[in-house]
Amino acid sequence: MRRSKVFIPTSKDAPSDAQLVSHIFLSRAGFVSQNAAGLYNYMPLAKRVIRKIENIIHEEMNNIGAQEVELSFVTPASLWEESGRMEKFGKELLRFRDRKDNLFLLGPTHEEMMVDLVRNRITSYKQLPMNLYQIKTKFRDEARPRFGLMRGREFTMKDGYSFHASEEDLNREFDAVEASYKKILSRLGLDFRVVEADSGAIGGSASKEIMVIADSGEDTIAICSKCEYGANIEAATRSVKTELPEAPEAAFNKFQTPNVKSIEELKAFFKVDAYYTIKCVAKKVIYDESSEIVLFFLRGSDTLQDVKAMNATEALEIEDASEEELTKIGLFPGFVGPLDQDKAKHVIDESLRGATNMICGANEQDYHFVGADLSVISDVAYFCDIAQVNEGDSCTHCEGELSFSKGIEVGHIFKLGTTYSKALKAEFLDENGKAQSFIMGTYGMGVSRLVASVVEQHHDESGCIWTKATAPYMVNVMVSNIKDEEQMKMGEDLYLKLQVAGVEVMIDDRKDRFGFKMKDAELIGFPYTVIIGKELVNGNVQIFTRATKEKDDVSADNVFKSIMELI
RNA sequence: CGGGGUGUAGCUCAGUAUGGUUAGAGUACCUGGUUUGGGACCAGGGGGCCGAAGGUUCGAGUCCUUUCACCCCGACCA
C-alpha cells in the first residue's frame, strides 16, 4: 500500500481518556477509534493484525481437528431460558425484542447456541468427539468497560466447544486444546503462562486460564519459581508451612485484652507472630433469595480470598458485614473467635485444622483466648481452603516458592461436563443404545484482547513494536525525499519487488520530511523500515529495525536480499 | 450500582471563582512559497448551536435546575 493513500490517521496526541499504553498507541497510530464506552472501530491496520491472529488460530484449530462454524450473533432468548442463564447473566446480557415482540439477546458466549446446533444432529457415539469453534463478535454489557480493547463491551472472541462420550476423551481434548493455545501464543510472540483458575459460575470440574504476562494485567497470578505451576490468585494453593515461627506456648486461658481488636494490636499485645493469631473476617453472604452473616476464620498472617469464600459457601455474592450487623446477632467485633461459636455460620481455613497454641477472640467483650487448640472442633467445624496464598509460600508441586505477577487473561478453557447438555437435553446414544448427555468442554480466546496484549508486551516510548507474526505490514519502504528522482525510483522498484515476492510492504511516498516519517513509522511499529535517503548517492540505503532502533547500512543492490533474509 | 472527575474546533486544552463587543491557543487540515536525515519555516485560509433541554438576566461558555455522555476508583466480570 501507498502511505499517501492508505487510511491510517496517526496523531501526536492520544485521546484524553486513554490510560493504557496499548490504548494510547493503538489510538495514536490509527489502528482503532472509540465510539462509545467499550465500543471500538477497527481501522485498516487493526483489521490486518486481527486477520493475522485469526489465521494463526484457524491453522492451529485445524491442526487439532476442530471445525469452524459461525453462529448467529442475535440469539433467541428462549435458549437461555432453557439453560437458566437468562437470570444468572443479569444486566450483562443485552436484550431486545424484534418486530414480532419476540425476545432476543446479543450473544456474550455461545454454549447454548452450540448445544442447540448439535442436539438432534449428532445422535451417536460414533460421531464423537466433535470440536466446533467460531471467531465472532461478542457483546457483554460490562458494568465498567475500560482499558481500550482490553475490556470492551463488544469484542472479538474465538469460542470453541467440544462434545465427548466420556470424561477421558474430554480430558484428552482439553489437553490438546491447551497445547494448541500454547502454540498460538508462542507463534504470536507473547510471553505467557497457563494457570489454574477458578471455574466460576459456569461450573465444571476444571479450568485453566492463559495469561499474558504484563504489569498492566487485571489479574494476579501466583507462579512457582521452580516448576510449571501457576494459578490465578483466586484459585492458587500452597503447601503446609514447614518452617514455623516460634510458638507462644501457653495453657488454655482467657485473657483480658481491652481494646485489642486488630491482628496488629494482638501481635503487639502478646508479642507473637501473626501466624499464631486467628482473624475473623465477617461477610454478608448472598444467596439466590436470602442472605446471612458468615464468619471466616483465618490465621492472622493470611487474608481471605473472596472467590474461595464464595465457593466455600456457594454464595452468589459476598459483601462486607457492618459492625452493627455483627453486634445485632450478639457478636463482639474484634473479639470474635471460632471456639464456642454458635452465633453465625462459620468457615475455618484449612491451615487451622488441628492448630495449637493459637490466640483468638473469646466471643466476649475485651477478652481473647490463649493456648487455644482447634483440634477440639476438628470434627464439627467446617474447614475449607479460603486463604489467599502469600508471596513466598511454598509450591504444592515442588520445593519452589510462589511469587506474584500480573497477567492479562487472553484465554480460558473449561471442562464443562454435562451442565449444558443436561439443561438443554442434548443426548446421544452410546454403544449400548442408552441415551447419554454430551460431556463438554469450552474454550475461549480473546482475539481483540490479544491485539492489545501484543502492544502491552511489545512497545517502547515511541510506539508499537509488532512481532513478525502480528505486524500489519512487515516492511516500510521510506523514501526520504520524494522530490529526489533517484530515491523515488529506487523506492518504487524495491516496493514492486517486495510485492512480487509476497512481502507485506508499505511505501511511504508522502512529501513530508525525514523526521516526520520516521516518527510515524516508529509509532505504527513496522518491524523493518528501509530508509532510502541521502546515502543513495553512495549506493547505500539503511535497514531500520524497529525493535532495536538500529540502522544498518546496506548497499542498494543488496537490500532486497537482505530484507528477504530478515523476514 | 456506590464514590469522584470531565464535556469548548478533527485532536490536546485555555477561558467559567467575579456574566459584558464578533469565543481563543497549540496541533491537524486547505492554498502558495521556501525547506528535505529525527514530528521544519513564512504568508494566507476554512473549521464551533461552548454536550443537550429549560430557567434567571438588558446580556450566559460563565449563574440556577434537569438530563445525557465519557473517564477514573470500587463492586461486578462464562
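Residue numbers begin at 1 in each chain, while the letters A, B, ... track the order of the sequences. Note that these values count all heavy atoms, side chains included, but never hydrogens, waters or copies made by symmetry.
Contacts of His110(A) classified as ring-ring contact (aromatic ring centres under 6.0 Å, His included), with partners at least two apart in sequence or in another chain: none. Considering only residues two or more places apart in sequence or on other chains, Phe25(A) meets the ring-ring contact (aromatic ring centres under 6.0 Å, His included) condition with none of them. Judged as a salt bridge (charged side-chain N to carboxylate O under 4.0 Å, His left out), and not counting sequence neighbours, Asp175(A) has no contacts. Judged as a ring-ring contact (aromatic ring centres under 6.0 Å, His included), and not counting sequence neighbours, Tyr181(A) has no contacts. Scored by the salt bridge (charged side-chain N to carboxylate O under 4.0 Å, His left out) test, Lys425(A) finds no partners at all (sequence neighbours excluded). The salt bridge (charged side-chain N to carboxylate O under 4.0 Å, His left out) check on Asp219(A) picks up nothing, with sequence neighbours excluded. Among residues two or more places apart in sequence or in another chain, the salt bridge (charged side-chain N to carboxylate O under 4.0 Å, His left out) test is passed with Lys284(A) by Glu325(A).
The only option from Asn131(A), Ile413(A), Ile439(A) that meets the side-chain contact (heavy atoms from CB on, under 4.5 Å) definition with Glu173(A) turns out to be Asn131(A).
Aromatic ring orientation, Phe174(A) versus Tyr443(A): tilted (interplanar angle from 30° to 60°). Between Tyr40(A) and His23(A), the ring planes lie perpendicular to each other; the angle is over 60°, past the 30° to 60° tilted range.
With the nearest nucleotide of RNA chain B identified for both Gly533(A) and Glu409(A), Gly533(A) has the one nearer the 5' end. For the pair His412(A) and Lys551(A), both in contact range of RNA chain B, the more 5′-proximal nearest nucleotide belongs to Lys551(A).
A straight line from CG of Asp508(A) to P of G37(B) spans 15 Å, rounded to a whole angstrom. One interatomic measurement links the two molecules: NZ of Lys12(A) to P of G38(B), which rounds to 15 Å at whole-angstrom precision. Computed from coordinates, the Arg146(A) CZ to C72(B) P distance equals 8 Å when rounded to whole Å. The distance from atom CD of Glu142(A) to atom C1' of C71(B) is 16 Å, rounded to the nearest whole Å. Straight-line distance from the CE atom of Met478(A) to the C1' atom of G39(B): 12 Å, rounded to whole Å. Met43(A) places its CE atom 12 Å from the C1' atom of G10(B), with the value rounded to the nearest Å. Glu461(A) places its CD atom 18 Å from the P atom of G38(B), with the value rounded to the nearest Å. Taking atom CG of Leu93(A) as the reference point, atom P of C76(B) lies 19 Å away to the nearest angstrom.
Taking atom P on both C76(B) and G15(B), the two are 39 Å apart, rounded to the nearest angstrom. Between the P atoms of C50(B) and C63(B), the separation comes to 15 Å (whole Å). Taking the P atom of each, G10(B) and U57(B) are spaced 34 Å apart, rounded to whole Å. A40(B) and G26(B) are spaced 16 Å apart, taking the P atom of each and rounding to whole Å. Taking the P atoms as reference points, G19(B) lies 15 Å from C58(B), given to the whole Å. On the P atoms, G24(B) is 13 Å away from G61(B), given to the nearest whole Å. For the C1' atoms, the distance from C42(B) to G59(B) is 41 Å, rounded to whole Å. When the C1' atom is compared between G54(B) and G47(B), the two are found 29 Å apart, to the nearest whole Å.
Which of C77(B), C73(B), G38(B) sits closest to the side chain of Phe147(A) comes down to C73(B). For Asp520(A), the side-chain atoms get nearest to G39(B) when compared with the rest of C11(B), C72(B), G39(B).
Across the strands present, U6(B) finds its partner in A69(B); the criterion is a Watson-Crick or G-U wobble pair with both atom distances under 3.5 angstrom. U12(B): Watson-Crick or G-U partner is A25(B), with both key distances under 3.5 Å. Pair assignment for C49(B) gives none, since no Watson-Crick or G-U wobble pairing has each distance under 3.5 Å. Look at G38(B): it lacks any Watson-Crick or wobble partner with both distances under 3.5 angstrom. The base-pairing partner of G74(B), taking Watson-Crick or G-U wobble contacts with both distances under 3.5 Å, is C1(B). Look at G20(B): its Watson-Crick or wobble partner, with both distances under 3.5 angstrom, is C58(B).
Taking 4.0 Å as the cut-off between side-chain N and carboxylate O, Lys517(A) and Asp520(A) do not count as a salt-bridged pair. Contact check on Arg119(A) versus Glu82(A) returns a salt bridge, with a Lys/Arg side-chain nitrogen under 4.0 Å from an Asp/Glu carboxylate oxygen. With salt bridges taken as basic N to acidic carboxylate O contacts below 4.0 Å, one links Glu178(A) and Lys182(A). Taking a cutoff of 4.0 Å between a charged side-chain nitrogen and a carboxylate oxygen, Lys406(A) and Asp215(A) do not qualify as a salt bridge.
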Would you list the protein and nucleotides 29-36 of chain B atom pairs, both N or O, that sit under 3.5 Å from each other?
{"unit_1": "U35(B)", "atom_1": "O2'", "unit_2": "Arg513(A)", "atom_2": "NH2", "d": "3.2"}
{"unit_1": "U35(B)", "atom_1": "O2", "unit_2": "Arg513(A)", "atom_2": "NE", "d": "3.2"}
{"unit_1": "U36(B)", "atom_1": "O2'", "unit_2": "Asn481(A)", "atom_2": "ND2", "d": "3.3"}
{"unit_1": "U36(B)", "atom_1": "O4", "unit_2": "Lys483(A)", "atom_2": "NZ", "d": "3.2"}

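One donor-acceptor pair, N or O on each side, does fall under 3.5 Å between the base of C77(B) and the side chain of Arg151(A). At a cut-off of 3.5 angstrom, the base of G38(B) holds no donor-acceptor pair with the side chain of Lys549(A).
For Arg144(A), a side-chain nitrogen or oxygen approaches OP1 or OP2 of C73(B) to under 4.0 Å.
Heavy-atom distances under 4.0 Å link RNA chain B to Gln34(A), Ala36(A), Ala37(A) of residues 33-42 of chain A, given in residue order. Residues of residues 14-32 of chain A that place a heavy atom closer than 4.0 Å to RNA chain B, in numerical order, are Ala14(A), Pro15(A), Ser16(A), Asp17(A), Gln19(A), Arg28(A). Non-hydrogen atoms lying under 4.0 Å from RNA chain B are contributed by Glu535(A), Gln542(A), all within residues 535-547 of chain A.
In this structure, Met518(A) and Lys551(A) have side chains that are in contact, with non-hydrogen atoms separated by less than 4.5 Å.
In this structure, Glu92(A) reaches the sugar-phosphate backbone alone: every heavy-atom distance under 4.0 Å involves primed, P, OP1 or OP2 atoms, never a base. Using a 4.0 Å heavy-atom criterion, one finds that Met157(A) contacts the bases of the nucleic acid, with or without backbone contacts as well.
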Determine all donor-acceptor pairs shorter than 3.5 Å in which one atom belongs to a side chain in residues 68-79 of chain A; sequence neighbours excluded.
{"unit_1": "Glu70(A)", "atom_1": "OE2", "unit_2": "Lys136(A)", "atom_2": "NZ", "d": "2.8"}
{"unit_1": "Ser72(A)", "atom_1": "OG", "unit_2": "Val74(A)", "atom_2": "O", "d": "2.8"}
{"unit_1": "Thr75(A)", "atom_1": "OG1", "unit_2": "Phe73(A)", "atom_2": "O", "d": "3.2"}

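The two atoms that bring Thr529(A) and Ala521(A) nearest to each other are OG1-CB, 3.9 Å, heavy atoms only.
A53(B) has its base anti relative to the sugar, with a glycosidic angle deviating from 0 by more than 90°.
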